[in-house]
Asker: 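I have a structure I would like to understand better, so I am pasting it below and will then ask my questions one at a time.
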Amino acid sequence: MEDMDDIISDSDIEMSLTSEDPKPKTAPEFVYKVLSIEEIGTQMKRCIDDIKSVVPLSSAAIRTLLKHFKWDKQKLLERLFDGDEEKLFREIGLVSDNSVAKESKAGDSKRRRYSEILCLICYLDTKTDSMFGLDCDHLYCRQCWTQYLTTKIMSEGDVMAITCAHSDCKLIIDDEDVLKLIADELVKAKYQRLTTNSFVESNRLLRWCPRPDCLHAFSVVSKEAHPVTCVCGTQICFGCGEANHEPIGCHLLREWNIKSAGNNSERIDGKTANWIITNTKECPKCRTTIEKNGGCNHMTCRSIKCKYEFCWVCLDSWSTHGTSYYNCNLYNENKVKDKKSSQSEGRKCLERYMFYWTRFMNHQQSLRFENELKSSVKSKMTQMQDRYHMTWVEVQFMERAVEVLCSCRQTLMFTYVFAFYNERTQQMNIFEDNQRDLQKAVETLSEYLERDEKDANDDNHCIRSQVLHSSNYCQNRRKALIDHIMEGNEKEWWKYNFE
Ligand SMILES: [Zn+2]
Ligand SMILES: [Zn+2]
Ligand SMILES: [Zn+2]
Ligand SMILES: [Zn+2]
Ligand SMILES: [Zn+2]
Ligand SMILES: [Zn+2]
């Protein structure tokens, strides 16, 4: 692990221009590291210093340029050696400090000449040594600078480069100066997050922890769809950045998300699913589900892209039905049969989808109660300490069991996506056995954890061994299921079907 810094040197920075889809691998040792914002800053600084040793510019200016070139040092150096540095700065709407440095240092003389200067922001006479300004000679008092920078950092999204407080001046203020002028740790952290953001995002071996306000990033040796866990407890898939979606690959998850978004699934539950099956039809053109919401048989597809107008009865184009009144006289039995059977094919697909989708949603719902369960288990742990005279350490198994329960539920949830996209094969039967076993194991553990302690007559030893045994069993079942799917990925057992 100590070698990580060397392995991920700046020379490894590659652009994530191609959207390759890393397949989940069974690699036994997936090496990753969680970096603090300071460590990220150090990595970034090394990259900036490499340029600085060749071109005398401020760190903030180099950082801004590197962002412009998506952190491709080679490209930036080529442009800088090409000649016109000032033209390059003009292109990104800024002024290079070198060009200003050449001009007269009027600020210095002003500072030497007077002991007090009027700050043109707050209009207060201020001691000269409390004034601050860049090489451009726009001097303001430190309080005004602090306020100006804080507003910039806290309110604006993209502060790659903060320019001089003078409204017409495009000179960049350097990182060191910004951090010196700001005392508030929160603002400092935000600035560090914003300035390192493009560095992390253009590096395919780095990824931010998605938890809001968490300032850590994951650093890997090779980009893979592998779960990574932050110091804050957040677990994501490094490949796509979504929540850990074992055992399915990033691509499958994407397909599923697109499909369920298209079906407006958030407001559909099991009951409405049945209603949909009897009260809706699919648009004959684009297969969007259309609901009949009145007596009129003139249907218009609700997909904005399609808007196909058709007849509810015969599913033919409405244009063949006359203009003003419903007039379904173009009845053609064969045609109708044709369309109807294609509908029932679609219906079957929808029913199949609903089957997996309702189970997926069920687990998602249960996972939403995760926090409630955590707090109820916490109070149970206190009860147990009182009732059985157990120590705090002795009841920790409960908390760990909740973690196991949640991770198993999450895996179980995604097995329904896996099943939905897979054709029936011999190996699918084994998968379904594994799925059933895990399902049962999860329900048992869930019951143990939700059970009211007052109703339990067991002694403490019994509860402890029950929960421990059950959560170990869950973990084993989860591992067996994932391993089986991974093995299938390698041996190409699975017949993925995206319709
Ligand atoms: Zn001021
Ligand atoms: Zn200025
Ligand atoms: Zn985190
Ligand atoms: Zn992923
Ligand atoms: Zn349509
Ligand atoms: Zn018709």
Side-chain angles (χ1 to χ4, degrees), residues 1 4 8 16 21-22 24-25 27 29-41 43-44 157 185-186 189-190 192-254 256-257 360-361 363-378 396 398-415 417 442 449 471 474-475 478-479 482:
M1 286 293 269
M4 284 288 288
I8 305 180
S16 43
D21 192 12
K25 285 178 187 164
E29 50 207 313
F30 178 75
V31 190
Y32 74 93
K33 201 176 167 186
V34 180
L35 300 178
S36 68
I37 191 86
E38 288 76 22
E39 288 170 304
I40 300 161
Q43 271 200 25
M44 181 175 80
E185 288 303 322
L186 203 87
K190 176 102 189 278
Q192 284 176 309
R193 175 68 165 77
L194 287 166
T195 48
T196 49
N197 194 45
S198 88
F199 174 74
V200 171
E201 287 187 347
S202 357
N203 189 330
R204 59 194 299 275
L205 300 178
L206 295 175
R207 192 186 273 286
W208 288 114
C209 166
R211 190 189 175 117
D213 301 328
C214 178
L215 294 170
H216 289 84
F218 304 102
S219 161
V220 298
V221 177
S222 66
K223 188 179 178 182
E224 278 172 37
H226 201 282
V228 288
T229 311
C230 182
V231 287
C232 71
T234 306
Q235 193 182 47
I236 59 161
C237 161
F238 189 88
C240 65
E242 297 283 333
N244 177 17
H245 51 72
E246 282 176 304
I248 61 167
C250 307
H251 176 63
L252 219 57
L253 177 69
R254 208 156 44 228
W256 177 259
N257 285 342
F360 176 87
M361 287 311 275
H363 287 295
Q364 194 170 66
Q365 210 103 48
S366 302
L367 277 170
R368 288 210 183 106
F369 292 115
E370 181 184 343
N371 285 331
E372 270 168 54
L373 181 62
K374 268 181 189 156
S375 65
S376 90
V377 162
K378 274 233 167 70
Q396 289 310 301
M398 289 289 280
E399 210 166 357
R400 277 195 299 276
V402 175
E403 304 279 327
V404 170
L405 179 72
C406 291
S407 77
C408 287
R409 254 200 210 291
Q410 192 153 329
T411 303
L412 206 47
M413 178 171 99
F414 288 113
T415 60
V417 180
V442 161
L449 292 174
S471 85
C474 271
Q475 263 178 314
R478 175 175 180 267
K479 190 175 180 302
I482 292 175

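Only this structure's heavy atoms are used, side chains among them; waters, hydrogens and symmetry mates stay out.
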Asker: If we only count heavy atoms from C-beta on, is the Val442 to Leu405 side-chain gap below 4.5 Å?
Answerer: yes

Asker: Drop me the distance from Asn203's CG to Gln43's CD, to the nearest 0.5 angstrom.
Answerer: 7.0 Å

Asker: For the CD1 atom of Ile37 and the OG1 atom of Thr195, what is their distance to the nearest 0.5 Å?
Answerer: 7.0 Å

Asker: Can you tell me how far the CG atom of Leu206 sits from the CZ atom of Phe218, to the nearest 0.5 Å?
Answerer: 11.5 Å

Asker: Report the distance from atom NZ of Lys33 to atom CG of Leu205, rounding to the nearest 0.5 Å.
Answerer: 14.0 Å

Asker: Minimum heavy-atom separation for Glu224 to Ser222, with atom names?
Answerer: OE2-OG, 3.1 Å

Asker: Among Arg478, Gln235, Gln410, which one satisfies side chain to side chain donor-acceptor pair (under 3.5 Å) with Glu246?
Answerer: Arg478

Asker: Is there a donor-acceptor pair closer than 3.5 Å between any side-chain N or O of Tyr32 and the backbone N or O of Thr229?
Answerer: yes

Asker: Should Cys209 and Ile236 count as side-chain neighbours, where that means a heavy-atom distance under 4.5 Å?
Answerer: no

Asker: Identify the two heavy atoms, one from Cys406 and one from Leu367, that lie closest to each other, and give their separation to 0.1 Å.
Answerer: O-CD2, 3.6 Å

Asker: Would you find a donor on one side and an acceptor on the other, under 3.5 Å apart, between the side chain of Glu399 and the backbone of Gln396?
Answerer: no

Asker: What is the minimum heavy-atom distance between Ala189 and Leu215, and which atoms define it?
Answerer: CB-CD1, 3.5 Å

Asker: What are the two closest non-hydrogen atoms of His245 and Cys240, and how far apart are they?
Answerer: NE2-SG, 3.4 Å

Asker: Under 30°, 30 to 60°, or over 60°: which ring-plane class applies to Phe30 and His226, parallel, tilted or perpendicular?
Answerer: parallel

Asker: Can you tell me how far apart CD (Glu403) and CD (Gln475) are? Round to the nearest 0.5 Å.
Answerer: 10.5 Å

Asker: Can you see which heavy atom on Leu252 is nearest to which on Val417, and at what distance?
Answerer: O-CG1, 4.2 Å

Asker: State, yes or no, whether a side-chain contact exists between Trp208 and Glu201 at a heavy-atom distance under 4.5 Å.
Answerer: yes

Asker: In Å, rounded to the nearest 0.5 Å, how long is the span from CZ of Arg254 to CD1 of Ile248?
Answerer: 11.0 Å

Asker: Determine the minimum heavy-atom distance between Cys237 and Arg207, stating which atoms define it.
Answerer: O-NE, 4.2 Å

